[in-house]
Amino acid sequence: MHRQIRVETLGKIRFLKGVSKDHLEALAHIVRLEEYDEGDVLFEEGEPVDDVYLIIEGQIALEMNSSGISPQHMLTLGAGESLGWSALLNRSHRMATAKAIVPTRIFRMDGHQLIALCEEHPRFGYQIMRVTAAALANRVRILQQKFFDVYRLQPSGFICGAIEFGVD
């Protein structure tokens, strides 16, 4: 994919909304376009963490294993979302398996290169960490609701990770 097309495509990804054109051009140097068919695995739970992914189009399911039962679907990610954020936090192993639900196109970035880019351009790094934190907060909220639904509990107003406080 031509670099200018990569820049334009990056600019359309919701996760990167507000990122300057200069920073999108810097990102364009480290992204690789990949395509996955339905059922293809991007990465498996327990694998070393190396890459960050941006979904251009399609859907990815995140599944987690639990001893004695089949993999459990945790959530579905779609166009404009990111996954593989563990690479930004120096985590050593994947916490879930990612599978394409439908034909999917993604940009894949080496986590070390992305961290280096964030350190070289602190304003960009701050933007990336803010949108990553917002995405994680949203996922905690989704998983909390799933937990409450499974166990038929009512939320008390307190969400894990100190995202929201409603407790007196």
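The same ILVMFWY cluster, assembled from side-chain heavy atoms under 4.5 Å apart, contains both Leu24 and Ile128. Hydrophobic clustering of Ile, Leu, Val, Met, Phe, Trp and Tyr side chains at less than 4.5 Å, counting indirect connections, keeps Leu33 apart from Val41.
With Arg105 contributing its side chain and Ile56 its backbone, the two residues share no donor-acceptor pair below 3.5 Å. Gln72 places a side-chain N or O within 3.5 Å of a backbone atom of Ser70 that can act as its donor or acceptor partner.
In this structure His73 satisfies the ring-ring contact (aromatic ring centres under 6.0 Å, His included) test with no other residue, sequence neighbours excluded. The side-chain contact (heavy atoms from CB on, under 4.5 Å) check on Ile101 picks up Gln59, Ala61, Thr76, with sequence neighbours excluded. Contacts of Asp40 classified as side-chain contact (heavy atoms from CB on, under 4.5 Å), with partners at least two apart in sequence or in another chain: Tyr36, Asp37. Partners of Phe15 according to the ring-ring contact (aromatic ring centres under 6.0 Å, His included) rule, which considers only residues two or more places apart in sequence or in another chain, do not exist here.
For residues 107-117, the pairs satisfying side chain to side chain donor-acceptor pair (under 3.5 Å) are Glu34-Arg108, Asp51-Arg108, Tyr53-Arg108, with sequence neighbours left out.
The distance from the CD1 atom of Ile60 to the CG atom of Leu62 is 8.0 Å, given to the nearest 0.5 Å. Rounding to the nearest 0.5 Å places CG of Leu136 at 8.5 Å from OG of Ser86. Taking CZ of Arg94 as the reference point, atom CG of Leu42 lies at 9.0 Å (rounded to 0.5 Å). Annotation: the span from Arg3 atom CZ to Glu25 atom CD amounts to 5.0 Å, rounded to 0.5 Å. A distance of 9.5 Å separates CD in Glu44 from CD in Glu63, rounded to the nearest 0.5 Å. For the atom pair Gln127 CD and Thr132 OG1, the distance stands at 11.0 Å (nearest 0.5 Å).
Between Thr9 and Phe107 the shortest side-chain heavy-atom distance falls below 4.5 Å. With a 4.5 Å cut-off on side-chain heavy atoms, Leu27 and Leu114 count as touching.
Val52 approaches Ala87 most closely through the heavy-atom pair CG2-CB, 3.8 Å. Ser82 and Leu77 get closest at one heavy-atom pair: O-CD1, 3.7 Å.
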Just list the side-chain donor-acceptor pairs under 3.5 Å for residues 117-124, sequence neighbours left out, or say none.
none

